[in-house]
4 protein chains.
Amino acid sequence: PVGRGGERRAIALANPSLGGRPFATPTLWAAIQYLMPGEDAPEHRHTQHAFRFVVEGSGVWTVVGGDPVPMNRGDFLPQAGWNWHAHHNATSRPMAWIDGLDIPFQYLTEAQFFEFGRDEIGDAERITPERSRSERLWGHPGLRPLSAAPATPGSPLLSYKWEHTDAALRDQLLLEREGFGGTVEPGHAAVRYANPHDGSDVLPTIRAEFHRVARGAETAPVRETGSSVYQVFDGSGTVTVGAKSWTVTRGDLFVVPSWEPFSARSEAGDTDSDSGGLDLFRFSDAPVFEALRIDRTQKDA
Amino acid sequence: PVGRGGERRAIALANPSLGGRPFATPTLWAAIQYLMPGEDAPEHRHTQHAFRFVVEGSGVWTVVGGDPVPMNRGDFLPQAGWNWHAHHNATSRPMAWIDGLDIPFQYLTEAQFFEFGRDEIGDAERITPERSRSERLWGHPGLRPLSAAPATPGSPLLSYKWEHTDAALRDQLLLEREGFGGTVEPGHAAVRYANPHDGSDVLPTIRAEFHRVARGAETAPVRETGSSVYQVFDGSGTVTVGAKSWTVTRGDLFVVPSWEPFSARSEAGDTDSDSGGLDLFRFSDAPVFEALRIDRTQKDA
Amino acid sequence: PVGRGGERRAIALANPSLGGRPFATPTLWAAIQYLMPGEDAPEHRHTQHAFRFVVEGSGVWTVVGGDPVPMNRGDFLPQAGWNWHAHHNATSRPMAWIDGLDIPFQYLTEAQFFEFGRDEIGDAERITPERSRSERLWGHPGLRPLSAAPATPGSPLLSYKWEHTDAALRDQLLLEREGFGGTVEPGHAAVRYANPHDGSDVLPTIRAEFHRVARGAETAPVRETGSSVYQVFDGSGTVTVGAKSWTVTRGDLFVVPSWEPFSARSEAGDTDSDSGGLDLFRFSDAPVFEALRIDRTQKDA
Amino acid sequence: PVGRGGERRAIALANPSLGGRPFATPTLWAAIQYLMPGEDAPEHRHTQHAFRFVVEGSGVWTVVGGDPVPMNRGDFLPQAGWNWHAHHNATSRPMAWIDGLDIPFQYLTEAQFFEFGRDEIGDAERITPERSRSERLWGHPGLRPLSAAPATPGSPLLSYKWEHTDAALRDQLLLEREGFGGTVEPGHAAVRYANPHDGSDVLPTIRAEFHRVARGAETAPVRETGSSVYQVFDGSGTVTVGAKSWTVTRGDLFVVPSWEPFSARSEAGDTDSDSGGLDLFRFSDAPVFEALRIDRTQKDA
């Protein structure tokens, strides 16, 4: 197992412009976490707001406050601060996901607390349901349980399954084709993961989105205050950040710094993308900027 | 067709304690509306917030701002004020639904406006899709389109399909049986229809809920300020309002006045209820009371 | 004393279009209350939101939750629902004020509760301070006590003294004269009484404002949903409501119904107005309309 | 004059634990700014939220968006981001104030923008009114102008004059003595500077408070996430931060880091304090923590 001390087996992205610290941006941490067959990660909790976004594999359950949440490629699992959580891998294959946290932000502002939990989760938590209890309570579109309001900040829905994200993006591109809009701009579908309790961002400090750029389409350059991390979930294309352009393919991670114009061109073909487009997962610190009224956006002509 | 003048073929519930006016409660209007095969209802709009809840049949499409929304038994269709809407019946059967509006409230406060629209909807609107465009944009759980925020008050999701409501209630009762709560009280599952944009009530003045009371269960008496209308969607049982009790079965409508204790006992059996329980649709003026800080609730011992 | 049964000595305004009930508008109650020298009014509380606006005299203290609040001509005293209150008149003169409540609104929606309190207030409450304790805590501009947030809806500031209202209006007209705006329109100064805790209306269902129209000025006709009651606090002029115009002078009360255009022309002169203008106190049900998103405003050309 | 390049003559507090940068805390900048007789500071604007708190002297006017705001000992002048501002000193004496900004926070998050304005303000701005226009519009307790809502984040009231702060604190201590509470704890009066528009903090990222500890009183130790800067405005006493205690007197500045327990004991006497107590001005980054739901408070027993 992944024991105490290590706690987790993760490779953090260290932005070279941030002085050697393992920070992806001034406010965001991004790491690839890897769990071997049969491995567990022990329980802990921290004030940092976190999420997992599964990039490869399946068969791991994250146990959040006793609720086992399945993880499969494309699933997004938000994890608001101060919730107990552990992982167990029930399959015979390794698995990989992106860990996103607001560690740099909470480190800077000196907001962070951490506690160790149990070394082992109980048998009742070592089960492998297809849906977490949180999904069964909060995962029905437009419906909320009368039984309880969420006790803590952040989304009470602990998993946003890939099938829903994929369907929503597909619907947007079809609506556009039928002449009814629905996309951000031609060929560019996008959704925000939202808290079903109040429609806010899934985490108080982190916004998460998924973008699909149809083959041949290109997004218009946009500048925003605040920083973002992108993962190329599927497909391939060219991204431009400020004065630099480069080619990206499935699995790549990159950063867009504050106020640098960003655009993406989809060159994905039928063979290198399930959706036929460039699929981009994005997370950013936008909620910090909006809550504090320091957000700015500019579309370059 | 249902022509101008009549505008709609509806039987309104007139509460005998309200002086002969066609009002179900001091604030709420409830009517059964009936549309014959092939009939249309012409277009109009009004400031009254409204919804349709389908009690029998299928095959009608409500056209809201040009978006045809299918209607089938159990579907809930909110319709915030000042949206253009018309209906067309594409099948060979009649169909019935409950019309709920805040007519008495807006009449009393002298808030209402009304406008006639087109006599006939266009061919492009006379189509019969399985999902409305609003559902394709807003009906994916926990996901919201980046393309647009709703321009008007009320939910941008124009249909809450029965299959989701049914599944959510079933999940709650199963969670309870597994020992994880999820219900309001033993044997009593309930959901609120919510605006996916911000988690608020679907309409500024009307709250809509669906309750399922498992066979043999009884809800605890609760008093609330504000009035409610209930429809027995399925099953049978006994309801108690204040000092009176009576038996209800599928299709019945009744009212719970302000501050009268209400409870329901499910006597539904396998043969008279698809879900095996007493299924109650409810709408109320609770948002008015909460917004104005005049709400009170009391659970009687 | 004004004993139980009568509770208060008040003359309510009964709008002839409202079926003989003592209601000024469909949602608002307005009465002139009169307290004789040395008289007390016994303690009670009710869910209705209320205020007192002093039109003549001085020397009465309203005791709210044990806090004696002085009353003098021009003072505005909001009184959110469910607070205990009584009055005592410490002087040798009678006194008159306007009582404004949301009685019709709460009556219609069946929201109201009422309780009798003590017959006599205690000696410690029969004192005559110049400022209430609420003013000493909440009456310093832009400053709020760290010691406590208000426990109930409505303003924690129990008196808005005339000297501040008068100064604010004078300042606006001077700023306009100096070329810096500050008025609603030329010659028309206006303030809203606001909750210092959160800037909201002083009462959840009632908005209160004070308007000063400089001599010779006329306000542009405005239509709004919702109803208002005006009192001519000082000066004289001509008001137009819909198709009717009439002359008003100090002490007059009138109503502006929903969606009727209203304008006022000041004909006040130096001798009939302390401020040299037409001074209008106004209260309305605007917070109800805004909270429920049924408000509309239109400036006629 | 203080020309371009220098822009301002200020001594910044550099916390030795922050790596040599001129930051008082991880999020806050504090400096003493000094303006000589007859000097001006040229116009500029920046996204950083800022304030001035006058510690010595009088006779300077800050010109904010063309509105000259007088500065006198004890006055607090908030200055939300992106407003043009300049200073001019109309007297024959130098003057000193504390400049507080969220520079470290905006620097870290890469949120900041800056623009130069005019080199010289106009004659119409070089006037010396006793009250700014913002005070004439927004400085009347509980009253807000109907003419305009603030266009930008932050308080529309540009000066909180010392006389009001002093009176509010005096009132609290008197109320306590009369047996009616009003203080935070025995002998400890405190106010928060608030936005009169909505009751929020004066600046989106900075909270400002004023505390008065009566002679002989001691505040209970409190831990809070987030950092604070204190200035001893008047009086003397002993402060304890974590394990360290030291004596402070008028003019001292000190910092309380995140989660360090803080308490203050007043040893002020009649001769060394106008109020007879220990007067502490405080500013902190609390709004950041509260907006992002990472705030914690703990009162040590």
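The chains referred to below are lettered A, B, ... by the order of the sequence lines, with proteins before strands, and numbering in each begins at 1.
Using a cutoff of 4.0 Å between basic side-chain nitrogens and carboxylate oxygens, B/Asp171 and A/Arg133 are not scored as salt-bridged. A salt bridge is absent between B/Arg144 and A/Glu209: the closest approach of a Lys/Arg side-chain nitrogen to an acidic carboxylate oxygen does not fall below 4.0 angstrom.
Listed options B/Lys161, B/Gln172, B/Glu185, B/Arg131 were ranked by heavy-atom pairs under 4.5 angstrom with chain A; first place goes to B/Arg131. Ranked by non-hydrogen atom pairs under 4.5 Å with chain B, the options A/Gly66, A/Ala194, A/Ala189 are led by A/Ala194. Ranked by heavy-atom pairs under 4.5 Å with chain A, the list B/Gly181, B/Ser155, B/Gly139, B/Ala168 is led by B/Ala168. Comparing A/Val184, A/Leu137, A/Leu157, A/Leu143 by how many heavy-atom pairs each has under 4.5 Å with chain B, the most go to A/Leu143.
Heavy-atom neighbours of A/Arg73 CZ from other residues, nucleotides or ligands within 6.0 Å: above the threshold of 12. For B/Arg293, the CZ atom is loosely surrounded, since the number of other residues' heavy atoms within 6.0 Å does not exceed 12.
Interface residue A/His164: backbone and side-chain heavy atoms are both found under 4.5 Å from chain B. Neither the backbone nor the side chain of B/Leu169 comes within contact range of chain A; no heavy atoms are under 4.5 Å apart. For chain A, no part of B/Ser200 is nearby; none of its heavy atoms comes within less than 4.5 Å. Residue B/Glu135 does not touch chain A at all, counting heavy-atom pairs closer than 4.5 Å. The parts of A/Tyr193 that come within reach of chain B are both its backbone and its side chain, each placing non-hydrogen atoms under 4.5 angstrom from that chain. Both the backbone and the side chain of B/Pro145 come within contact range of chain A, with heavy atoms under 4.5 Å apart. Contact of B/His188 with chain A is not made at all, since no heavy-atom distance falls under 4.5 Å.
Here CZ of B/Arg170 is found 8.5 Å from NE2 of A/His140. Values are rounded to the nearest 0.5 Å. With rounding to the nearest 0.5 Å, the separation of CG in A/Leu146 from CZ in B/Arg192 is 6.0 Å.
When all heavy atoms of A/Ser147 and B/Gly182 are compared, the closest pair comes out as OG-O, 2.9 Å.
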